[in-house]
There are 2 protein chains.
Amino acid sequence: MARAATTSDAFNAIAEPQRRDILALLRAGERPVTDLAQELGMSQPGASKHLRVLREVGLVRVRGAGKQRLYGLDARGLRPVHEWVGGFERFWNESFDRLDTYVQDLKQTRQEG
Amino acid sequence: MARAATTSDAFNAIAEPQRRDILALLRAGERPVTDLAQELGMSQPGASKHLRVLREVGLVRVRGAGKQRLYGLDARGLRPVHEWVGGFERFWNESFDRLDTYVQDLKQTRQEG
DNA sequence: CGATCATATTCCTATATCGGAATACGTCAA
DNA sequence: TTGACGTATTCCGATATAGGAATATGATCG
């Protein structure tokens with residue numbers, strides 16, 4: 001098998017830097033495709049494709065506005081990502097000396113299972 | 001071009017669910033490959049490959065212990081991820097006037113695939 | 001040395017990407 | 001309708017994956 005689809009979840013969708021850039025831009029409000037493409041220095045089809053991925057994982061919503069289609073942020077899908085990564089917070093806040101001690105501590109008290 | 005390498009950064013490395021599982025397990029302390037493989041129901045070569053990716057992005061470090069190699073967590077690389085995602089926190093916590101407006105809009109306009 | 005355990009790498013295949021170019025689709029204005 | 005604009009899709013090629021099987025490397029001990 002190959003790598004999981006970019007559309008399989010938010011983790012995969014935001015692995016692409018350009019898609020992260022798009023999401024960041026959309027915090028300022030809704031925008032049409034061409035706007036995003038120009039601002040981020042990518043082609044219009046390129047932007048459309050990235051937006052399709054973001055839409056499929058639910059990180060972005062579209063709304064027709066005349067000739068244009070306005071893309072807007074829907075950040076709710078990022079919450080699980082934030083929570084998962086947040087589960088490691090104590091580990092990057094600890095110094096490595098303390099981390100080693102902590103690890104040894106765990107080894108000794110691993111009886112609990 | 002193809003998708004960015006899984007080893008290009010933490011974002012890509014943690015896009016794979018099994019690698020996230022490995023990292024989660026390692027919070028309890030260092031572990032040898034076979035241990036991880038068995039606990040997560042994957043093959044030994046499979047675990048080794050995932051650990052290689054994690055090591056290349058610096059999320060994991062190894063230390064030889066006799067015949068074994070103990071893998072340990074180095075979560076510092078997750079901090080940038082946490083911070084990036086955290087930049088959207090107010091958007092999923094917000095009461096979301098804009099989103100609500102948008103939803104009402106949808107009811108009036110036509111659907112979108 | 002030779003045997004054995006622990007781990008890493010290689011080879012293979014099916015699949016999925018990203019980007020560019022060309023093109024199709026959709027909507028509005030005259 | 002026609003034309004023009006905004007956007008989406010399709011086709012293409014190069015690349016890279018995850019996983020299984022087989023094998024290679026490494027370390028320890030008798």
Side-chain angles (χ1 to χ4, degrees), chain A residues 1-23 25-26 30-57 60-72, chain B residues 1-23 25-26 30-57 59-72 105 108-113:
Chain A
M1 288 188 179
R3 219 199 295 199
T6 56
T7 53
S8 51
D9 55 29
F11 283 95
N12 280 278
I14 68 171
E16 165 67 45
Q18 309 228 63
R19 282 196 287 267
R20 290 201 297 278
D21 292 343
I22 288 178
L23 292 175
L25 261 188
L26 290 181
E30 293 174 313
R31 289 232 198 182
V33 178
T34 314
D35 235 47
L36 293 167
Q38 194 203 345
E39 186 105 5
L40 297 174
M42 49 177 149
S43 70
Q44 174 268 309
S48 276
K49 288 175 194 168
H50 283 312
L51 285 165
R52 191 191 208 298
V53 173
L54 293 172
R55 216 181 58 216
E56 286 193 32
V57 294
V60 138
R61 296 308 240 173
V62 223
R63 142 173 107 83
K67 278 199 264 192
Q68 305 196 132
R69 309 192 75 204
L70 293 182
Y71 281 87
Chain B
M1 290 188 179
R3 221 203 289 204
T6 56
T7 54
S8 51
D9 55 28
F11 282 96
N12 280 278
I14 68 172
E16 166 66 43
Q18 310 230 61
R19 283 195 286 268
R20 290 202 297 278
D21 292 343
I22 289 178
L23 292 175
L25 261 189
L26 288 180
E30 294 174 311
R31 288 234 197 179
V33 179
T34 314
D35 235 47
L36 294 167
Q38 195 203 344
E39 186 105 7
L40 297 175
M42 49 178 152
S43 71
Q44 174 269 310
S48 276
K49 287 174 193 167
H50 283 312
L51 285 165
R52 191 191 208 300
V53 173
L54 292 172
R55 192 163 40 87
E56 285 192 34
V57 293
L59 290 175
V60 138
R61 62 212 152 79
V62 221
R63 144 174 106 80
K67 277 200 261 191
Q68 306 196 132
R69 309 193 72 203
L70 293 182
Y71 280 88
D105 233 39
Q108 296 177 345
T109 335
R110 58 173 168 70
Q111 282 289 359
E112 171 59 31

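By convention in this document, chain letters (A, B, ...) are assigned in the order of the sequence lines, proteins followed by strands, and residues within each chain are numbered from 1.
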Item to check | Atom-to-atom span, CZ of B/F11 to C1' of C/dT17 - whole angstrom | outcome: 19 Å

All N/O pairs under 3.5 Å across the protein-nucleotides 27-30 of chain D interface:
| residue | atom | partner | partner atom | Å |
| --- | --- | --- | --- | --- |
| D/dA27 | O3' | B/G66 | O | 3.4 |

Next on the checklist: Does this structure show an ion pair linking A/E39 with A/R31, if we count only N-O contacts that are shorter than 4.0 Å?
Outcome noted: yes

Sub-3.5 Å pairs of nitrogen or oxygen atoms, protein against nucleotides 1-3 of chain D:
none

Checklist entry - Can a side chain N or O of B/R52 be found less than 4.0 Å away from OP1 or OP2 on C/dT9? => result yes

Next on the checklist: Using whole Å, what does the distance between atom P of nucleotide C/dT27 and atom CZ of A/R63 come to?
Outcome noted: 15 Å

Checklist entry - Should the pair B/R61 and B/Y71 be classed as cation-pi, given the thresholds of under 6.0 Å to the six-membered ring centre and 45° from the axis? => result no

Checklist outcome for this item: Taking every heavy atom of A/A15 against every heavy atom of B/N12, the minimum-distance pair comes out as O-ND2, 3.2 Å

Item to check | Closest to side chain of B/A2, choosing from D/dA14, C/dA8, D/dT9 | outcome: D/dA14

Next on the checklist: Using every non-hydrogen atom in the two residues, find where B/V57 and B/S8 come nearest and quote the distance to one decimal.
Outcome noted: CG1-N, 4.4 Å

Item to check | A/Q38 versus A/T34, side-chain donor and acceptor atoms under 3.5 Å | outcome: no

Checklist outcome for this item: Rounded to the nearest 0.5 angstrom, the CZ-OG distance for B/R55 and B/S48 is 9.5 Å

Checklist entry - What is the distance from OH of A/Y71 to P of D/dT7, rounded to the nearest Å? => result 9 Å

Item to check | Closest contact, heavy atoms only, B/V33 versus B/A47 | outcome: CG1-CB, 3.9 Å

Item to check | Sub-4.0 Å heavy-atom contacts from residues 43-51 of chain B onto DNA chain C, ordered by number | outcome: B/Q44, B/P45, B/S48, B/K49

Checklist outcome for this item: To the nearest angstrom, the CG-P distance between A/D21 and C/dG19 comes to 11 Å

Item to check | Candidates C/dG19, C/dT7, D/dT7 - which lies nearest the side chain of A/Q18 | outcome: C/dG19

Next on the checklist: So does B/I14 get a backbone contact from the side chain of B/R20, meaning a donor-acceptor N/O pair under 3.5 Å?
Outcome noted: yes

Item to check | d(CZ, B/R20; P, D/dA18) in whole Å | outcome: 12 Å

Checklist entry - Rounded to the nearest Å, what distance is computed from the CG atom of residue A/N12 to the C1' atom of nucleotide D/dA16? => result 14 Å

Next on the checklist: Would A/R63 and A/E30 count as a side-chain contact (heavy atoms from CB on, under 4.5 Å) here? Give the steps.
Outcome noted: CA-CA 9 Å; A/R63 142 173 107 83; A/E30 293 174 313; 2.8 Å; yes

Next on the checklist: In this structure, how many angstroms lie between the C1' atom of C/dT9 and the CZ atom of B/R69, rounded?
Outcome noted: 12 Å

Checklist entry - Between A/M1 and A/T7, who's closer to the 5' end of DNA chain C by nearest nucleotide? => result A/M1

Next on the checklist: Taking the axis from the first five pairs and the axis from the last five, what angle separates them in the helix from C/dC1-D/dG30 to C/dT17-D/dA14, rounded to 10 degrees?
Outcome noted: 40°

Next on the checklist: Nearest to the B/R3 side chain among D/dT17, D/dA8, C/dA16, which nucleotide is it?
Outcome noted: C/dA16

Item to check | Test log, rule side-chain contact (heavy atoms from CB on, under 4.5 Å), inputs A/L70 and A/V62 | outcome: CA-CA 6 Å; A/L70 293 182; A/V62 223; over 6 Å; no

Item to check | Test side chain to side chain donor-acceptor pair (under 3.5 Å) applied to B/T7 - qualifying residues, sequence neighbours left out | outcome: none

Checklist outcome for this item: From CG of A/L40 across to P of C/dG19 the rounded distance in Å is 12 Å

Checklist entry - Counting any heavy atom closer than 4.0 Å, what does B/R19 reach on the DNA or RNA strands: base, sugar-phosphate only, or nothing? => result sugar-phosphate

Next on the checklist: Give me the atom names and distance for the closest heavy-atom approach of B/L26 to B/G72.
Outcome noted: CD1-C, 4.2 Å

Checklist entry - Do you know which two heavy atoms are closest between B/R3 and A/A4, and how far apart they sit? => result NH2-O, 2.5 Å

Item to check | Proximal nucleotide (of C/dA6, C/dG19, D/dT7) relative to the A/E16 side chain | outcome: C/dG19

Next on the checklist: Which residues pass the side chain to side chain donor-acceptor pair (under 3.5 Å) test with B/R19, not counting sequence neighbours?
Outcome noted: B/H50

Next on the checklist: So, OP1 or OP2 of D/dG6: does either fall under 4.0 Å of a side-chain N or O from A/T34?
Outcome noted: no

Item to check | A/L40/A/L25 under side-chain contact (heavy atoms from CB on, under 4.5 Å): CA gap, chis, key distance, verdict | outcome: CA-CA 9 Å; A/L40 297 174; A/L25 261 188; 3.8 Å; yes

